[in-house]
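Below is one structure, written out as structure tokens; comments come after it.
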Amino acid sequence: MSNTDQSQSEQQQVRHEKLAQLRELGVNPYPYKFDVSHLAADILKNESLLKDDETPPSDAQKVSVAGRVMTRRIMGKASFFTVQDSTDTIQIYIRRDDIGVEEYNTIFKKLVDIGDFVGISGFVFKTRTGETTIHAESFELLSKTVRPLPTPKEVENEEGEMITYDAFSDKELRYRQRYVDLVVNPDVKDAFVKRTKMVQAMREFMNEKGYLEVETPILQPIYGGATARPFVTHHNALDMQLYLRIANELYLKRLIVGGFDGVYEFSKDFRNEGLSRFHNPEFTQVELYVAYKDYNWMMDFMEKMVEHVAKTLHGSTKIKVGDQTIDFKSPWPRVPMFEAIRKETGFDLYEKNEEEIKVIAKELNIHVEDGMGKGKIIDEIFGEYVEGKLIQPTFITDYPVEMSPLAKMHREKNGLVERFEAICNGKEIANAFSELNDPEDQRRRFEDQVRLGKEGDDEAMAVDEDFLRAIEYGMPPTAGIGIGIDRLAMIMTNSDSIRDVLFFPLMRPE
RNA sequence: GAAUCGGUAGCUCAGCUGGUAGAGCAGCGGCCUUUUAAGCCGCGGGUCGAGGGUUCGAGCCCCUCCCGAUUCACCA
């Protein structure tokens with residue numbers, strides 16, 4: 001867009017004019033650096049920087065801060081304004097007689113706007129009303145903004161609650177212009193910082209156990225490791241169809257075959273499905289595989305790791321989510337899937353055949369489509385009658401083999417596999433199994449998937465011959481897990497939409 | 001994919017039964033040297049999501065489409 005574009009608002013045009021005036025005055029509106037000595041948050045915390053009224057400021061009491069101008073209150077020959085840096089917002093007091101007539105009257109009062117980056121040097125004092133403030137001794141424009149920022153204002157009322165006026169609250173604008181959202185809505189930043197700290201805490205927890213963080217292909221010739229529709233792409237030089245990964249499971253298990261005892265990857269996965277409050281086409285999971293362990297061990301591991309995450313982020317195992325309090329203190333209840341269904345519906349599905357289950361599904365008002373298969377129907381019943389009721393973290397264990405083609409047969413229970421899902425706040429946050437390492441069984445399971453695919457299940461898996469070859473070379477007993485990072489982040493940050501824990505959620509083009 | 005609600009100034013919103021488009025903040029011109037949603041005086045700013053229709057006349061009624069939010073369905 002040119003700076004004479006007719007589509008610009010009046011305010012944008014005014015700011016472009018100010019930019020030109022600054023240049024005419026010989027002021028570079030985009031200088032190269034500024035030496036910051038203090039962050040706003042540190043100044044606000046550090047009483048020893050406060051200067052008393054009697055003595056002139058010592059060198060140790062001089063501060064330089066930089067950030068965006070967020071509010072301005074001009075009172076003739078002196079002004080107050082606030083500057084927001086990465087840590088907080090601090091008030092600045094500036095006087096004509098301290099910084100010079102042109103600097104104050106022309107540059108500061110006329111040519112600087114809300115949103116501009118500025119650098120201030122001065123000393124710290126407290127105003128009459130007790131607000132810690134920097135008395136500016138010099139002032140420098142660091143970057144001129146030519147687009148007006150939304151200008152929310154926060155006020156504390158008599159009860160000590162913060163009231164926000166003119167909040168930048170339009171969700172569409174907030175998601176499309178996350179950079180603006182981050183500038184004017186401080187809580188947004190907090191949620192993303194928490195997300196990062198959560199990932200760090202998990203990474204440290206796994207590193208401490210000696211597991212190796214690895215990277216595996218995002219572009220895969222055969223997609224696998226989950227049931228989902230993939231994104232399809234094409235490699236020109238090899239003239240080859242490739243898929244964006246829906247999971248990295250099969251690659252991490254190849255690494256277990258290769259002799260690593262524990263490998264994990266924070267993996268951006270891609271599923272070509274609809275969008276919702278809980279679904280974004282690209283999302284993050286951490287998958288972890290540990291040799292010589294089973295799913296019982298993995299439950300111990302997961303509850304301890306998530307308990308650790310909660311303590312790291314909140315200093316407690318208890319977290320407020322909506323109007324619930326969720327307690328991540330281990331151990332979490334472990335309930336076999338069929339028992340959970342029986343408790344909620346009165347029907348025992350164990351060792352029932354597909355016809356019998358279809359009859360029960362009908363009685364439970366579950367919509368059954370052709371080609372859904374036994375596993376899928378059971379999953380439907382579970383989703384409809386059980387999942388949403390599990391608010392406190394719970395392990396649901398022992399799934400039907402039909403819906404778990406990569407999990408090992410249960411050591412005792414007929415027709416089931418050693419699998420668990422961790423459910424929390426009514427949603428799945430993790431999925432794990434004793435990994436199937438019997439190559440003949442694995443081949444049969446793949447073939448069953450192919451059959452389901454032919455019967456119309458468009459999410460069924462394909463046979464991955466190279467993966468079969470890998471486990472034919474031998475894979476030790478292994479426990480594996482995938483934990484949904486976005487879902488867990490939603491809980492840890494009390495967000496009710498996945499979009500609030502993704503910087504840039506997928507949106508239709510403007 | 002379906003239903004509901006919404007899209008009006010840079011931001012947040014009002015706009016009745018159809019009759020020349022409003023407020024606060026932000027902006028512009030003044031006054032103001034400890035203010036804090038600073039204050040006071042004055043001013044400008046709009047393709048009312050897009051297109052079509054009905055009407056003497058449409059922000060408002062009708063149709064189509066676009067975008068979003070929420071709920072439901074599928075998926076983690």
Side-chain angles (χ1 to χ4, degrees), chain A residues 6-15 17-18 53 70-82 89 91-98 104 109-110 113-115 125-131 133 135 145-157 162-177 180 184 226-229 246-247 269-285 367 369 372 376 379-380 383-384 387 421-423 427-431 458-459 482-488 490 496-499 505 507-510:
Chain A
Q6 290 299 305
S7 72
Q8 284 182 48
S9 71
E10 185 190 34
Q11 290 192 48
Q12 283 173 276
Q13 289 172 29
V14 165
R15 289 186 181 211
E17 282 159 23
K18 289 178 177 179
D53 289 341
M70 295 305 283
T71 63
R72 297 206 301 168
R73 292 176 287 279
I74 295 175
M75 306 168 303
K77 297 176 191 68
S79 299
F80 287 92
F81 62 104
T82 55
T89 299
Q91 179 169 262
I92 315 292
Y93 179 57
I94 191 167
R95 298 195 305 192
R96 186 196 68 183
D97 295 344
D98 292 327
Y104 182 79
K109 272 171 70 177
K110 300 274 182 202
D113 288 294
I114 288 171
F125 74 110
K126 260 198 176 144
T127 62
R128 270 179 208 160
T129 50
E131 180 163 352
T133 301
H135 187 131
T145 143
V146 294
R147 202 179 270 271
L149 219 49
T151 52
K153 297 207 166 168
E154 282 199 324
V155 184
E156 202 172 331
N157 71 6
M162 293 307 280
I163 303 173
T164 304
Y165 296 89
D166 299 331
F168 181 60
S169 56
D170 183 309
K171 287 196 176 177
E172 178 174 1
L173 285 175
R174 289 184 45 215
Y175 297 144
R176 287 191 192 282
Q177 302 184 32
V180 176
V184 303
T227 50
R229 281 186 295 257
I246 59 172
D269 293 339
F270 306 86
R271 297 188 185 175
N272 208 337
E273 289 156 358
L275 294 88
S276 83
R277 201 150 73 80
F278 296 100
H279 300 90
N280 194 65
E282 53 181 293
F283 66 104
T284 306
Q285 290 195 86
H367 179 68
E369 277 173 46
M372 259 172 88
K376 224 165 184 183
D379 198 30
E380 287 289 312
E384 192 64 36
E387 193 174 21
E421 289 192 357
I423 317 277
K427 281 279 166 190
E428 177 190 340
I429 57 169
N431 181 22
D458 54 2
E459 294 179 345
I483 301 173
I485 293 296
D486 313 283
R487 293 270 174 93
L488 193 56
M490 284 170 67
D496 52 18
S497 171
I498 195 169
R499 293 188 166 115
M507 304 285 279
R508 284 203 168 77
E510 285 182 68

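Owing to the predicted nature of the structure, the values given are computational and were not obtained by experimental measurement. Letters A, B, ... mirror the listed sequences (proteins, then strands); counts begin at 1.
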| Hey, is the side chain of E10(A) pairing donor to acceptor with the base of G27(B) inside 3.5 Å? | no
| query | Would you say R508(A) reaches C67(B)'s phosphate, i.e. side-chain N/O to OP1/OP2 under 4.0 Å? | reply | yes
| field | Listed partners of R174(A) passing salt bridge (charged side-chain N to carboxylate O under 4.0 Å, His left out), at least two apart | value | D181(A)
| field | Short side-chain N/O contact from K110(A) to OP1 or OP2 of G30(B), under 4.0 Å | value | yes
| message | So, OP1 or OP2 of U35(B): does either fall under 4.0 Å of a side-chain N or O from R73(A)? | response | no
| message | It should be established whether K153(A) places a side-chain nitrogen or oxygen under 4.0 Å from OP1 or OP2 of nucleotide A26(B). | response | yes
| message | Between A14(B) and A23(B), how many Å separate the two P atoms, rounded to a whole number? | response | 16 Å
| said: For A69(B) and S169(A) - does any side-chain N or O of the residue sit under 4.0 Å from the phosphate oxygens OP1/OP2? | reply: no
| Which atoms form the tightest heavy-atom contact between A430(A) and I483(A), and what is the distance? | CB-CG1, 3.9 Å
| Could a donor-acceptor pair under 3.5 angstrom be found where the side chain of Q11(A) meets the base of G10(B)? | yes
| query | Taking the same atom, C1', in A58(B) and in G52(B), what whole-Å distance lies between them? | reply | 13 Å
| request: Starting from the 5' end of RNA chain B, give me the residue, R72(A) or I498(A), whose nearest nucleotide shows up first. | output: R72(A)
Dump every N/O contact between nucleotides 71-73 of chain B and the protein below 3.5 Å, one line per pair.
{"unit_1": "U71(B)", "atom_1": "OP1", "unit_2": "R277(A)", "atom_2": "NE", "d": "3.3"}
{"unit_1": "U71(B)", "atom_1": "OP1", "unit_2": "R277(A)", "atom_2": "NH2", "d": "3.4"}
{"unit_1": "U71(B)", "atom_1": "OP2", "unit_2": "R277(A)", "atom_2": "NE", "d": "2.7"}

| message | With rounding to the closest Å, how many angstrom separate the C1' atoms on C25(B) and G18(B)? | response | 31 Å
